[in-house]
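For ligands, and for the atoms within them, numbers begin at 1 and follow the listed sequence.
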Amino acid sequence: MSPRKIIIDTDPGQDDAVAILLDLASPDEIEVLGITAVAGNVPLALTARNARIICELAGRPDMPVFAGCDRPLKRPLVTAEHVHGKTGLDGPDLPEPTMPLADGHAVDFIIDCLRRNAPGSVTLCPLGPLTNLATALQKAPDIAARIGQIVLMGGAYFEVGNITPAAEFNIYVDPEAADIVFKSGVPLVVMPLDVTHQALVTSERNDAFRALGTPVGLAVAQMTDFFERFDKEKYGSLGAPLHDPCVTAYLIDPELFTGRHINVEIETGSDLTLGMTVADWWGVTDRAANATFMGRIDAEGFFSLLTERLARL
Ligand SMILES: [Ca+2]
């Protein structure tokens, strides 16, 4: 089978960085057509920089990285330096990128790429707020029918929220964009906090990254060390949840995850619950299913896959 063509839409973020590394370490399964940066964890200038730092770390300075939207559709940007540090990629000491940004806007790249490739052959992998993707769908509605699948990290049901009591960060930052994506009719696979909070970087798993003895292994150990401090304090958990790499792991081995095909809608009106993913997990409405919403991950399988693949870089 030929590798699946994807576009990574991202706001790095240490966990985005690990997701990108896992993608680039898995060419048999995944062909990355390009990386599009969006404002989210940190402002756009930093996410566009961080994406290139990671490509260079992976030995892929040839990868096209596009800058995208610098703010949500209708709201001021909310960022998460309290989790990811001032640069978004705090932890390792990585050099400034020398590769340039690709010419053009991320939104135009997404549209052109979908029109250029056979319908259904490109998967979109959003790892941040959904602003770039929603903007592309608004600008070129014809692309919806050409997207094979959207596999995204965002939302929560049983875990409810991390940026507010009711909302997960990516959806909360641009709920109007999320609403557009969830109503697009494109097949969706969602990795909510319910799953990612089971993918914890314990000290044993962190040691395994470090023990690879490579620049990539060391950088991943240092990145996960950094944001672990925040999550351990906040949740009292065993380690930091590795959110975004769940998306990549699904592309490589979907059997690691189980979930339900259900209706998921986005709250855009209420100040109290803005950005909540209202997931009909128990099937109590007759609203049509629009997303496969994951609930469980084989965490052991996930971390052994991740460590084995990072060793290849
Ligand atoms: Ca992210």
(request) Among the N/O/S atoms of Asp11, select the one at the shortest distance from the Ca ion (ligand 1) and name it. (result)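 When I compare the N, O and S atoms of Asp11, OD1 is nearest to the Ca ion (ligand 1).
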
(request) Specify which N/O/S atom of Asp244 comes nearest to the Ca ion (ligand 1), by atom name. (result) OD2

(request) Output yes if Leu127 passes the N/O/S-under-3.0 Å test against the Ca ion (ligand 1); output no otherwise. (result) yes

(message) Tell me whether the Ca ion (ligand 1) has Asp16 as a neighbour, meaning an N, O or S atom of it below 3.0 Å.
(response)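 It does; at least one qualifying atom falls short of 3.0 Å.
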
(message) Does any part of the side chain of Leu89, heavy atoms only, come nearer than 4.5 Å to the side chain of Val42, both counted from C-beta?
(response)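 Side chain of Val42 against side chain of Leu89, heavy atoms only: no contact under 4.5 Å found.
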
(message) For a 4.5 angstrom cut-off between non-hydrogen side-chain atoms, does Phe169 reach Val83?
(response)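 Answer no - side chains too far apart.
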
(message) Can you confirm whether the side chains of Thr135 and Asn132 place a donor and an acceptor under 3.5 Å from each other?
(response) no

(request) I would like to know whether Asp142 and Arg146 meet salt bridge (Lys or Arg N to Asp or Glu O under 4.0 Å); could you show each step before the answer? (result) CA-CA 7 Å; Asp142 60 288; Arg146 304 184 71 89; 5.6 Å; no

